[in-house]
Trainee: 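Have a look at the structure that comes next, please.
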Amino acid sequence: MDKVKFSPHETPGNMSYKVGLTGGIGSGKSTVAKIFSELGVPVIDADIIARELVKPGQPALAEIVTTFGREILNAQGGLDRSHLRHLVFTSEALKTRLEAILHPRILQQMKRRATRLSAPYCVLVIPLLVEIAQKDIVDRILVIDIPDAIQRQRVKARDQLSDTEIEAILRAQSPRAVRLAAADDIIVNDTDLATLQRQVEHYHQKYLFLASQQWN
Ligand code: ADP
């Protein structure tokens with residue numbers, strides 16, 4: 001690869017170009033992230049970080065207990081995730097409070113991990129990227145788009161949810177158009193895995209190029 005130039009104020013430690021990967025439930029984020037990873041691109045996943053942040057002993061868990069009460073813990077002292085999910089699903093106010101505890105910490109962690117990388121670019125998987133205020137945490141937004149009918153089909157096959165449950169989840173997410181409006185790049189994941197692979201490879205080349213240009 002070409003030598004990457006960086007400004008005198010930047011160190012090689014924080015020069016990884018950041019691509020934010022987002023999309024609705026079942027759009028294909030995990031599948032696409034895996035393909036990027038197989039291409040050698042570091043992937044930082046908000047959901048994995050969120051899980052780490054609520055492990056016993058972590059400050060975020062203590063704050064969740066202060067907010068939601070000790071009933072939110074299971075017998076082992078860990079977070080009762082399904083109880084929490086139920087609470088935030090039934091109350092918009094509680095959902096906002098949980099997000100206020102988790103989102104800043106998740107983003108800070110993602111930023112910190114990205115800063116340590118020396119790869120030309122990295123992928124940050126952030127399901128709620130379009131919803132959060134700090135979109136500028138990434139240099140570029142890649143949206144995985146999928147027609148409604150295929151989305152329902154894939155979620156149903158993967159999660160064994162009822163139609164009512166799927167509708168409720170979809171209603172709580174940003175509409176497709178809002179996500180698309182925030183996109184710099186779009187992958188339409190409406191065919192097979194081989195097509196998806198090709199689309200990701202196309203963007204891989206593009207991001208390598210953009211990363212090589214970022215300090216010019
Ligand atoms: P997300 O992480 O956005 O929720 P996933 O990557 O888990 O979505 O994809 C949802 C489901 O659809 C998974 O079971 C996955 O294997 C399947 N899937 C994703 N893309 C394709 C595709 N192009 N062809 C067939 N199945 C796919």
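These numbers come from a predicted model, not from an experiment. Read the numbers this way: they start at 1 and go in the same order the structure lists the ligands and their atoms.
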Trainee: Salt bridge check: are E52 and R113 linked by an N-O gap of less than 4.0 Å?
Mentor: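 So E52 pairs with R113 through a salt bridge.
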Trainee: For K206, check side chain to side chain contact (heavy atoms under 4.5 Å, CB included) against everything at least two apart and list the hits.
Mentor: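 So K206 forms a side chain to side chain contact (heavy atoms under 4.5 Å, CB included) with R140, D185, Y203, L210.
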Trainee: List below, pair by pair, the N or O atoms of ligand 1 and of the protein that are less than 3.5 Å apart, including the distance to 0.1 Å; reply 'none' if no pair qualifies.
Mentor:
| unit_1 | atom_1 | unit_2 | atom_2 | d |
| --- | --- | --- | --- | --- |
| ligand 1 | 2 (O) | S30 | N | 2.9 |
| ligand 1 | 2 (O) | S30 | OG | 2.6 |
| ligand 1 | 3 (O) | S27 | N | 3.3 |
| ligand 1 | 3 (O) | S27 | OG | 3.4 |
| ligand 1 | 3 (O) | G28 | N | 3.0 |
| ligand 1 | 3 (O) | K29 | N | 2.8 |
| ligand 1 | 3 (O) | K29 | NZ | 2.8 |
| ligand 1 | 4 (O) | G26 | N | 2.8 |
| ligand 1 | 4 (O) | R158 | NH1 | 2.8 |
| ligand 1 | 6 (O) | S30 | N | 3.3 |
| ligand 1 | 6 (O) | T31 | N | 2.9 |
| ligand 1 | 6 (O) | T31 | OG1 | 2.6 |
| ligand 1 | 7 (O) | R158 | NH1 | 2.8 |
| ligand 1 | 8 (O) | G28 | N | 3.1 |
| ligand 1 | 20 (N) | N189 | ND2 | 3.0 |
| ligand 1 | 23 (N) | N189 | OD1 | 2.7 |
| ligand 1 | 23 (N) | T191 | O | 3.3 |
| ligand 1 | 23 (N) | D192 | O | 3.3 |
| ligand 1 | 24 (N) | R154 | NH2 | 3.4 |
| ligand 1 | 24 (N) | T191 | O | 3.4 |

Trainee: Show me the pairs that pass ring-ring contact (aromatic ring centres under 6.0 Å, His included) and involve residues 154-193, at least two apart or across chains.
Mentor: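 Found none.
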Trainee: May I ask you to decide whether R97 forms a salt bridge with E92, counting only side-chain N to carboxylate O separations under 4.0 Å?
Mentor: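 No, R97 and E92 are not salt-bridged.
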Trainee: State plainly whether the residues E38 and K34 are in salt-bridge range, i.e. N to O under 4.0 Å.
Mentor: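 Between K34 and E38 there is a salt bridge, with a charged N closer than 4.0 Å to a carboxylate O.
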Trainee: Under a single-linkage rule joining Ile, Leu, Val, Met, Phe, Trp and Tyr whose side-chain heavy atoms are separated by less than 4.5 Å, which residues share a cluster with V178?
Mentor: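 Its cluster mates, by chain and number, are V130.
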